[in-house]
Trainee: 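Here it is, the structure in full.
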Amino acid sequence: MSELSLEEVDNIARLARLRLSADERVQYQKQLSAILGYVNTLQGIDTSGVEANFTVLPREPLLRADEVRSCLPQEATLANAPVRHEGYFRIPRILED
């Protein structure tokens, strides 16, 4: 693929609602042309023997297994509470009766 023209860069900038200076136009022309060159290279790779894959993440569960553990003691749980009342968090009322 040949290098993008400045008019094509202007069109892309318009679609992206960007205002580019003259220097930025030239810079993006080079960068976008390089990206399209890499995509062209990738399109030439034979992937006919590669199984389709929908994710690059491993298929095993990413979450740890649930385990029963003891919880924090009440005093440690309430240690940073700004206001407490009879062993509970005290919060401002947000609902009307």
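This structure is a prediction, so every number in the text was calculated from the model and none was measured.
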Trainee: By the rule that ILVMFWY residues connect when side-chain heavy atoms come within less than 4.5 angstrom, directly or transitively, which residues belong alongside Ile91?
Mentor: none
Trainee: Can you check whether Glu8's main-chain N or O pairs, donor with acceptor, with Ser5's side chain at less than 3.5 Å?
Mentor: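 Yes, because the side chain of Ser5 sits within donor-acceptor range (under 3.5 Å) of the backbone of Glu8.
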Trainee: For Gln43, check side chain to side chain contact (heavy atoms under 4.5 Å, CB included) against everything at least two apart and list the hits.
Mentor: Val39, Asn40
Trainee: Taking all heavy atoms of Gln29 and all of Ser33, pick out the closest pair and write down the distance.
Mentor: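 Smallest interatomic distance, heavy atoms only, reads O-OG, 2.7 Å.
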Trainee: Restricting to non-hydrogen atoms, name the atom on Leu32 and the atom on Leu4 that form the minimum distance, rounded to 0.1 Å.
Mentor: CB-CD1, 3.5 Å
Trainee: Could you work out the complete set of other residues in the hydrophobic cluster of Val83, with links drawn between I, L, V, M, F, W and Y side chains under 4.5 Å apart?
Mentor: none
Trainee: Are Leu20 and Leu36 joined in one hydrophobic group, where the rule is that I, L, V, M, F, W and Y side chains link up if heavy atoms are under 4.5 Å apart?
Mentor: yes
Trainee: Scan for salt bridge (Lys or Arg N to Asp or Glu O under 4.0 Å) pairs involving residues 73-88, sequence neighbours excluded, and state none if there are none.
Mentor: Glu75-Arg84
Trainee: Which residues pass the side chain to side chain donor-acceptor pair (under 3.5 Å) test with Asp46, sequence neighbours left out?
Mentor: Ser48
Trainee: Counting only pairs under 3.5 Å, give me each side-chain donor-acceptor contact of residues 9-18, with atom names and distances, residues two or more places apart or in other chains.
Mentor:
{"residue": "Asp10", "atom": "OD1", "partner": "Arg25", "partner atom": "NE", "Å": "2.7"}
{"residue": "Asp10", "atom": "OD2", "partner": "Arg25", "partner atom": "NH2", "Å": "2.9"}
{"residue": "Asn11", "atom": "OD1", "partner": "Arg14", "partner atom": "NH2", "Å": "2.7"}

Trainee: What residues, two or more places apart in sequence or in another chain, satisfy side chain to side chain contact (heavy atoms under 4.5 Å, CB included) together with Gln74?
Mentor: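 Gln74 satisfies side chain to side chain contact (heavy atoms under 4.5 Å, CB included) with Leu78 once adjacent residues are dropped.
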Trainee: Just jot down the side chain to side chain contact (heavy atoms under 4.5 Å, CB included) partners of Thr41, sequence neighbours excluded, or say none.
Mentor: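 Partners of Thr41 by the side chain to side chain contact (heavy atoms under 4.5 Å, CB included) criterion come out as none, since no residue qualifies.
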Trainee: Using the test side chain to side chain contact (heavy atoms under 4.5 Å, CB included), find all partners of Ser21 that sit at least two apart in sequence or belong to another chain.
Mentor: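 By the side chain to side chain contact (heavy atoms under 4.5 Å, CB included) rule, Ser21 matches Asp23, Glu24.
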Trainee: Other members of the hydrophobic cluster containing Leu42, with the 4.5 Å side-chain heavy-atom rule, please.
Mentor: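 Result for Leu42 is Ile45.
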